[in-house]
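Both backbone and side-chain heavy atoms feed into the values below; hydrogens, waters and symmetry mates do not. The chain is numbered in sequence order, starting from 1. In listed order, ligands and their atoms are each counted from 1.
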Amino acid sequence: MKFDKLETALHEKGAQAILEHQLLDWVESFGKIGQTEQGGVSRLAFGPDDLLARKMIIERMHRELGLELRIDAWGNIIGRRPGNYSRSGILMTGSHLDTVRNGGKFDGAAGIFCALEAVRILNRLDIQTRHPLEVMVFAAEEANQSGISTIGSRGKTGRLQSESLADYKDDHGVPLLEAVTAAGGNPSEMKHDQFHPGEIKVFIEIHNEQMNRLENNGFDLGIVTGVTGIRRRQFTVEGSAGHGGTILMDQRKDALVAAAELVTAVYNIASESGGEAVATVGHISVEPNSVNVVPGKTVLEMEIRSYNSRELDRIDETVWKTANSIEKKYGTPIKRGSLTYDNTPREFAPLVRKALTRSSDICGYRSTDLVSMAGHDAYHMSYVTNAGMIFVPSRNGLSHCPEEYTDPLYLARATEVLLTTLLHIDEED
Ligand SMILES: [Zn+2]
């Protein structure tokens with residue numbers, strides 16, 4: 001019955017176009033909040049533009065869609081559409097509205113707009129779900145000005161302790177918890193405000209792919225099988241600082257030269273892995289960092305990503321072995337720091353993946369399974385419920401930049417698959 005209505009509405013002449021048009025309207029109107037000169041968007045978590053976007057979305061979720069709005073202790077915005085049986089688990093969907101500096105209009109925001117259009121369709125067709133449906137606007141998904149990411153989803157799933165946020169401040173010295181309060185959160189309640197077991201029946205997030213696998217192979221959407229593991233570690237190379245003119249080459253212990261060889265080794269070891277593993281040294285500091293002084297010390301930060309835990313271990317260990325030989329070669333002791341970040345690879349719920357694939361087939365779209373190489377709110381949600389993700393194609397694989405773009409056609413298709421899946425799951429049990 002529900003599906004007849006949905007199908008007729010979506011496939012009736014022009015319905016798709018209306019959906020695309022409305023999705024485009026969301027993208028354009030929110031793209032103006034925090035717009036940069038380069039055509040990108042800067043809505044840094046809890047900054048003035050993020051606060052403005054949050055205010056706008058709350059207003060529109062209530063006014064246009066009739067959702068019941070609340071903000072939880074962590075600053076997440078939740079819009080609820082009640083179900084027939086209020087005691088059953090929540091069907092949840094959503095993403096984040098904050099962006100990186102000079103990022104794009106789609107990362108995160110697209111998932112919220114699709115979720116809201118799904119609600120609009122349900123309203124228009126007067127479809128009442130058995131389970132309540134909630135649209136989640138997660139707070140501070142991107143690394144915020146204090147440098148911590150996924151605050152809303154980690155906090156709400158019990159994976160972030162509120163005490164650990166106490167010391168963080170942004171560039172202007174504003175304490176993070178004060179910023180959360182200004183956004184409507186309540187730090188004193190954070191500890192108690194977490195999802196209960198069984199509270200959520202399913203969580204599905206639509207997100208741009210941020211790679212070009214879908215685009216290059218002509219897929220409408222991707223069913224995300226899981227999220228890559230991420231490991232970060234620091235290496236410190238100790239050399240001997242000294243006059244860049246008077247210390248002859250055979251007497252040097254140059255910490256930067258040794259570090260450079262280590263950086264190259266990280267690159268080569270990941271390149272030779274043959275799989276989808278990647279590794280990056282994206283940050284390095286040099287002391288004293290002076291033009292006529294032999295570098296005395298360098299600290300570099302390595303990040304490895306792979307969906308395979310053993311591959312993470314292997315690359316990590318091979319880099320360490322190589323570091324030992326570099327140490328001998330240059331006479332520069334290399335210290336390996338403990339892990340500063342360690343997200344294990346995580347598979348999404350098979351029942352959600354299956355339901356998404358089936359819905360995509362029913363809707364007549366071309367989908368493929370793929371792994372996410374970036375972290376997402378859905379990753380943390382997978383620790384408390386059956387979670388899954390739909391990826392939509394990113395033009396040229398770009399994201400976190402003004403050029404980030406996804407054709408609204410794909411957003412409309414993903415919305416249709418999301419809605420079909422939620423309605424199927426709603427009818428179960
Ligand atoms: Zn995102």
Trainee: Taking only residues two or more places apart in sequence or in another chain, which ones pass side chain to side chain contact (heavy atoms under 4.5 Å, CB included) with Arg346?
Mentor: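 In terms of side chain to side chain contact (heavy atoms under 4.5 Å, CB included), with neighbours along the sequence ignored, Arg346 is linked to Tyr379, Ser382, Tyr383.
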Trainee: Mind telling me whether Phe113 and Phe30 have parallel, tilted or perpendicular rings, with 30° and 60° as the class edges?
Mentor: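 It falls in the tilted class, 30° to 60°.
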Trainee: Check this for me, if you would: do Glu428 and Arg130 make a salt bridge, where the nitrogen-to-carboxylate-oxygen distance has to be below 4.0 angstrom?
Mentor: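 Arg130 and Glu428: not salt-bridged.
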Trainee: Short of 2.8 Å from the Zn ion (ligand 1), name each protein N/O/S atom, waters not counted.
Mentor: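 Less than 2.8 Å away from the Zn ion (ligand 1) sit His96 NE2, Asp107 OD1, His207 NE2.
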Trainee: Between Arg70 and Glu134, is there a salt bridge with N-O shorter than 4.0 Å?
Mentor: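 Salt bridge: yes.
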Trainee: Any side-chain hydrogen bond (donor to acceptor under 3.5 Å, both in side chains) involving residues 186-203? Give me the pairs, sequence neighbours left out, ordered by first then second residue.
Mentor: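 Sorted result for residues 186-203: Lys156-Asp193, Glu163-Lys191, Asn186-Ser188, Lys201-Asp429.
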Trainee: Among pairs that include at least one residue of residues 265-283, which meet side-chain hydrogen bond (donor to acceptor under 3.5 Å, both in side chains), considering only residues two or more places apart or in two chains?
Mentor: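 Residue pairs passing side-chain hydrogen bond (donor to acceptor under 3.5 Å, both in side chains), neighbours aside: His283-Glu301.
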